[in-house]
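Have a look at the structure below before the remarks.
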Amino acid sequence: MPDPRERRSNGHEPPAPVEISPDVVRSFRSQLTPGEDVIDPSTWAGSIPQAQGIAPRVRIGRSRWFNLLWLLPIVFVALIVAVAAAKGLRNVAPVERFIARYPGTIETAGARTTPGFPAWVGVQHFFNLFLMIFIIRSGLQILADHPRLYWTRHSTPGKEWFRAQTAIPNDPLWTAKQDSIRLPRQVGLPGLRHTIGLARWWHLGTDAIWLLNGLVFYVLLFTTGQWRRVVPTTWAVFPNALSVLIQYLSLHWPTENGWVAYNGLQLLAYFITIFVAAPLALITGLGMSPALSARFKRVSKLLSIQTARSMHFMVLVWFLAFIVMHVTLVFATGTLNNLNHVYANRNDESWIGSAVFAASMLLCGVAWVAATPFTLHRPRVVQRVGFALVGPAQRLFEHVDSTPGEYTEEDISPYFWHNGEYPDSDEYTALFDGNFADYRLRINGLVANPVDLTLAELRALPHHEQITQHFCIQGWSGIAKWGGVSMQTIMDLVKPTPEAKWVVFYSLGDGADTGVYYDAHPIEQMSYHLTMLAYDMNDEPLSFGHGAPLRLRNETQLGFKQVKWIKGVEFVADFTDIGGGYGGYNEDHEFFGYRQSI
Ligand SMILES: Nc1nc2c(c(=O)[nH]1)N[C@H]1C(S)=C(S)[C@@H](COP(=O)(O)O)O[C@H]1N2
Ligand SMILES: [Mo]
């Protein structure tokens, strides 16, 4: 076999006579493997070794990296200095006058009319924190699948501002999958390397419930007087917050009356969490959707997927910092009373709130510990429940048919990651070595006019070009110019019958666990403006790594659905009897979803 790196197709061979056989495409089904229903960590994802990343680092200047673990001693020293400074300040008369003037808590008349906490606050507070466990753990798992963050639209290695991985090796065919890292199993969900399919079901599924919980919370806040607790209504909140900060840091606690109103610092922290961080989590999350980004071009030009991903991470940092400080202060400023407020709706020093809190923590702890083993033993349940929770939303976004033209040549990414499993069969090698002169694209199934096309015949069809952005499920993206044939042209040629509902693309290459790579797409997306078969990338014949001689582009979907090295296309009524029946290779083997517009 030649060195794959030297493989290039030129695709300009004369057409050869072709016989069309409906059996050939159908026979591709027998080359598929169903995938497992239980995860064996030792053979998972093509027996990918459980490589670890490095401690997270932030880039300083061009190529120096600051290890974030240094923040631990730095923050510790900074706290000590801040406490010393605050204690010093408390001896300064004007500061004391300032604190006397702004003691910390503003008790408005409105707040005094509705003291105390209704039961729904406690219930929603609990749900929120319970869901947060899975949202954060699965979010970290998603980050670990492409442990690099960028501020630019492109995903150029070395240009990231954050990474938990070393520089990529000097290998032009290095894949994003090889770049993924594992997490400890009780930190990530589920922790194993490249479990992004399952992590995403956890993340998006619990997100859906979390958003619903949040929506109910918003409605209840504003239909009761409770909103006054968390929405500042006077500018005096700022001096009061500063005053509280000085008082906390000088280790002289302010007098608190949380039963009636929160202090200024609390008010600001809760307000930001509820009304800034939470909506931002949703917006930046949706900012990573291929379908939405292709449709809302103006927004996605400003808030590119990589900016959205970086900001989504910032939201995580806020939530983590908030949780640490919130929990610390709840315990440091009167545990019994504070826990009674939210967990027992009472304003006293009894142990009732603490007992309810302890029970709720036990529930959280059990769920936390059980989540990874459950996911590894019942991945299909996670896949199905996740799909049930977010499938309808994904489907909604798929109705979005974007027109080409959002990007220009200047937007083309200088670096376009490779991904997936490279083909190494004798069949592929022979085709490659013969410059694909013997290549046939076989299109068959529920069509009136099945065809087998040579590359020359494909190139003779009306030419379609688009400059679009690729969204890999792992988180990297890249803009490229694709040249080839619109799928509409193919549809006009083969004329699918009315029973045809899905279009299955078969690859010349295997997936990671052996068995041919394939993926099914809904037929209505085949007539979208941005759905095409590409034989050129950035004005050159498709390279080996990017899918020579032919690959799919369907820009409403994530990268794994863009089958490379296509050998056949089958029009079918449904895909339940193809492969494992889940609609594609990664769907069968790695528990992805057949609709992935988010
Ligand atoms: N045949 C085949 N096609 C495939 C894959 C694969 O493993 N095998 N990987 C998919 C994934 S996960 C992505 S992100 C894109 C990557 O395309 P690129 O290597 O051109 O960037 O190809 C997709 N198509
Ligand atoms: Mo991907």
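Keep in mind the model is a prediction, meaning the values are calculated, not measured. Order of listing sets the numbers, starting from 1, for every ligand and every atom in it.
A donor atom on one side chain and an acceptor atom on the other are found under 3.5 Å apart for S155 and Q306. Counted by atom type alone, Y517 and E421 present zero donor-acceptor pairs between their side chains at under 3.5 Å. With 3.5 Å as the limit, one finds a donor-acceptor pair spanning the side chains of Y582 and R384. One side chain, R193 or S180, offers a donor N or O that lies under 3.5 Å from an acceptor on the other. A side-chain donor-acceptor contact under 3.5 Å links R137 and T372.
Taking every heavy atom of both residues into account, G580 and Y518 meet most closely at N-OH, 3.9 Å.
With ligand atoms numbered from 1 in the order given, ligand 1 contributes 6 (C), 7 (O), 9 (N) to contacts under 4.0 Å with heavy atoms of G420. Of all atoms in ligand 1, listed by their number and element, those nearer than 4.0 Å to a heavy atom of C472 are 14 (S). Remark: ligand 1 atoms within the under-4.0 Å shell around heavy atoms of F416 are 21 (O). Below 4.0 Å from some heavy atom of W565 lie the following atoms of ligand 1, by number and element: 1 (N), 2 (C), 8 (N).
With a 4.0 Å heavy-atom cut-off, ligand 1 is reached by the side chain of R551 but not by its N, CA, C or O. Neither the backbone nor the side chain of K561 has a heavy atom within less than 4.0 Å of ligand 1. Residue W417 touches ligand 1 through its backbone alone, judged by heavy-atom distances below 4.0 Å. Residue-level proximity to ligand 1 for H546 is carried by backbone and side chain together, each with a heavy atom below 4.0 angstrom. Residue-level proximity to ligand 1 for Y517 is carried by the side chain, the only part with a heavy atom below 4.0 angstrom.
Counting only heavy atoms of the protein, atom 13 (C) of ligand 1 lies nearest to G559 O, 3.5 Å. Protein heavy atom nearest atom 1 (N) of ligand 1, with residue, atom name and distance: S507 OG, 2.9 Å. The protein atom (non-hydrogen) at minimum distance from atom 14 (S) of ligand 1 is H470 NE2, 3.2 Å. Atom 19 (O) of ligand 1 has its closest protein heavy atom at K564 NZ, 2.5 Å. Ranking the protein heavy atoms by distance from atom 24 (N) of ligand 1 puts Q562 O, 2.9 Å first.
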### Task
Please step through ring-ring contact (aromatic ring centres under 6.0 Å, His included) for the pair H470 and W476, ending with a clear verdict.
CA-CA 8 Å; H470 175 100; W476 59 270; 5.0 Å; yes

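Among Q466, Q469, M532, the single residue meeting the side-chain contact (heavy atoms from CB on, under 4.5 Å) criterion with E555 is Q466. Each of Y594, Y585, F505 was checked for a ring pair (Phe, Tyr, Trp, His ring centres under 6.0 Å) with F575, and the lone residue meeting it is Y594.
The closest approach between M537 and ligand 1 stays at or above 4.0 Å for every heavy atom of the residue. Ligand 1 has G545 within reach: a non-hydrogen atom of the residue lies less than 4.0 Å from it.
At least one donor-acceptor pair closer than 3.5 Å links the side chain of Q141 to the backbone N or O of L189.
Note: an N/O pair closer than 3.5 Å links E421 and ligand 1 by distance alone. Annotation: N419 places an N or O atom under 3.5 Å from an N or O atom of ligand 1; distance criterion only. Residue-to-ligand polar distances keep W476 apart from ligand 1: every N/O pair is separated by 3.5 Å or more.
Using a cut-off of 4.0 Å between Lys/Arg side-chain N and Asp/Glu carboxylate O, K564 and D519 are scored as not salt-bridged.
Note that K567 lies in the cation-pi zone of F28, set by a 6.0 Å cut-off to the ring centre and a 45° limit from the axis.
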